[in-house]
Amino acid sequence: KYLNKMNNKTNKTRKRVFRGYPNDVLEKSILDARDISEQNLGIPIRKKALAKLWGISVNSSNYTSKINNMRGYGLTPATKGSDFIELTALCKEILEPANTEQYHRVLREASCLPKKFSEFYKLLEDKKIPSVENLKRIIVQNIFVERELVDEFITITKENGVFSGLINQSDESFFVENINSDNDNFDFEPE
């Protein structure tokens, strides 16, 4: 009986899957960065103070996720182990752009920083986004996103694309705009 219980517990443990990209949309990461900008005048903030501001623990997966997402989009160089969380120049340009043109440029740049997101936008550049089933196949074969993460990946890239202007909606169809992205992109690193 004891071995059966042990086997049942090990079968129920969650499998960790490495995404290789932020697990939430750019817009939410910008709001998290805005908290630092508004509450700490944009200067680096201690991780415990930031966690308190967000109403979470520094040891929580939620904290790690928020920091990883901000780093993935180029909003901070910090990791979950950093004692101080600071904002990047790119983040400051997003939060306080000189004009609308700069705002859209830096949103596009941040959306394309995660390598897998950049690959998605480049692969579909100047094309109509295909049907969901074809899109899933293209993503698994060309961008190497795990099958169980494809729906999440599509949701995030579409939301980021529409938010940043990389994706244009016209007549119920979505088109990936010419991204003109010469910026370096980052491999999303696990903690």
Side-chain angles (χ1 to χ4, degrees), residues 11-34 61-76 88 90-91 93-95 97 99-191:
N11 289 341
K12 291 181 183 179
T13 57
R14 292 187 326 184
K15 175 187 166 196
R16 278 201 180 269
V17 178
F18 175 63
R19 284 177 173 78
Y21 59 88
N23 68 355
D24 211 339
V25 295
L26 173 61
E27 189 172 13
K28 285 187 181 173
S29 290
I30 291 171
L31 293 174
D32 290 337
R34 188 175 302 284
S61 59
N62 195 4
Y63 177 83
T64 302
S65 180
K66 285 175 175 280
I67 295 298
N68 282 343
N69 290 341
M70 286 175 56
R71 186 179 71 249
Y73 289 121
L75 306 179
T76 183
T88 61
L90 174 67
C91 183
E93 284 184 77
I94 290 171
L95 296 175
N99 53 44
T100 309
E101 184 180 307
Q102 180 191 29
Y103 179 67
H104 291 293
R105 180 185 54 78
V106 291
L107 282 183
R108 285 174 174 229
E109 186 178 330
S111 293
C112 289
L113 279 176
K115 186 177 180 184
K116 288 187 183 283
F117 292 173
S118 178
E119 290 172 1
F120 173 85
Y121 298 125
K122 285 179 183 172
L123 190 65
L124 297 173
E125 186 171 9
D126 296 328
K127 295 180 180 81
K128 179 180 173 184
I129 294 180
S131 70
V132 174
E133 287 311 310
N134 284 335
L135 185 57
K136 286 180 180 183
R137 183 182 45 75
I138 289 167
I139 291 169
V140 169
Q141 290 176 353
N142 297 288
I143 304 174
F144 308 107
V145 172
E146 298 286 332
R147 287 192 189 281
E148 63 266 23
L149 296 174
V150 171
D151 290 330
E152 171 192 80
F153 182 86
I154 291 170
T155 299
I156 295 170
T157 52
K158 271 189 173 178
E159 282 189 43
N160 284 350
V162 171
F163 176 66
S164 66
L166 287 167
I167 295 177
N168 185 12
Q169 185 176 6
S170 158
D171 301 327
E172 301 299 314
S173 297
F174 290 92
F175 294 87
V176 177
E177 300 281 302
N178 182 336
I179 61 174
N180 291 330
S181 177
D182 294 328
N183 58 312
D184 295 330
N185 52 43
F186 297 106
D187 286 319
F188 198 71
E189 297 184 23
E191 279 294 314

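Since this is a predicted model, take the numbers as computed values, not measurements.
The shortest distance between side-chain heavy atoms of Ile139 and Lys136 does not fall below 4.5 Å. Here the side chains of Leu26 and Phe163 are in contact, with some heavy-atom distance below 4.5 Å. Taking 4.5 Å as the limit, every side-chain heavy atom of Leu123 sits out of range of all side-chain heavy atoms of Val176.
Here the CD1-CG distance, from Ile30 to Leu107, works out to 5.0 Å after rounding to the nearest 0.5 Å. The structure places CD1 of Ile94 at 5.0 Å from CG of Leu75, a figure rounded to the nearest 0.5 Å. Distance check: Lys66 NZ to Met70 CE gives 9.5 Å after rounding to the nearest 0.5 Å. Atom CD1 of residue Ile156 and atom CG of residue Asp151 lie 11.0 Å apart, to the nearest 0.5 angstrom. Glu159 contributes atom CD, which lies 7.5 Å from atom NZ of Lys28 (distance to the nearest 0.5 angstrom). A distance of 14.5 Å separates CG in Asp126 from OH in Tyr121, rounded to the nearest 0.5 Å.
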Residues Glu133, Arg137; criterion salt bridge (charged side-chain N to carboxylate O under 4.0 Å, His left out); working and verdict
CA-CA 6 Å; Glu133 287 311 310; Arg137 183 182 45 75; over 6 Å; no
Take Val145 and Ile154 through the side-chain contact (heavy atoms from CB on, under 4.5 Å) test and state the conclusion after the steps.
CA-CA 10 Å; Val145 172; Ile154 291 170; over 6 Å; no
Quick one, Arg19 with Leu149, criterion side-chain contact (heavy atoms from CB on, under 4.5 Å). Give me CA distance, side-chain angles, the key distance, then yes/no.
CA-CA 8 Å; Arg19 284 177 173 78; Leu149 296 174; 3.8 Å; yes
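Between the side chain of Lys116 and the backbone N or O of Ile143 there is at least one donor-acceptor pair closer than 3.5 Å. At least one donor-acceptor pair closer than 3.5 Å links the side chain of Asn69 to the backbone N or O of Asn23. A donor-acceptor contact shorter than 3.5 Å links the side chain of Arg108 to the backbone of Gly165. In this structure, the side chain of Thr88 engages the main chain of Gly74 through a donor-acceptor pair within 3.5 Å. Not one N or O on the side chain of Asn160 forms a donor-acceptor pair closer than 3.5 Å with the backbone of Ser111.
Contact detail for Pro130 and Ile138: the closest heavy-atom pair is CG-CD1, 3.9 Å. Smallest separation of non-hydrogen atoms from Ser118 and Cys112: CB-O, 3.1 Å.
For Glu27, there are no salt bridge (Lys or Arg N to Asp or Glu O under 4.0 Å) partners two or more places apart in sequence or in a different chain. Every residue was checked against the side-chain hydrogen bond (donor to acceptor under 3.5 Å, both in side chains) condition with Ser29, not counting sequence neighbours, and none meets it.
Atom CD of Gln141 sits in a crowded spot, with more than 12 heavy atoms from other residues, nucleotides or ligands closer than 6.0 Å.
Salt bridge absent: Arg105 and Glu101 never bring a charged side-chain N and a carboxylate O closer than 4.0 Å.
Sorted by first and then second residue, the ring pair (Phe, Tyr, Trp, His ring centres under 6.0 Å) pairs with a member in residues 132-157 read Tyr21-Phe153, Phe117-Phe153, Phe120-Phe153; sequence neighbours excluded.
No donor-acceptor contact under 3.5 angstrom links the side chains of Asp24 and Ser65, judged on distance only.
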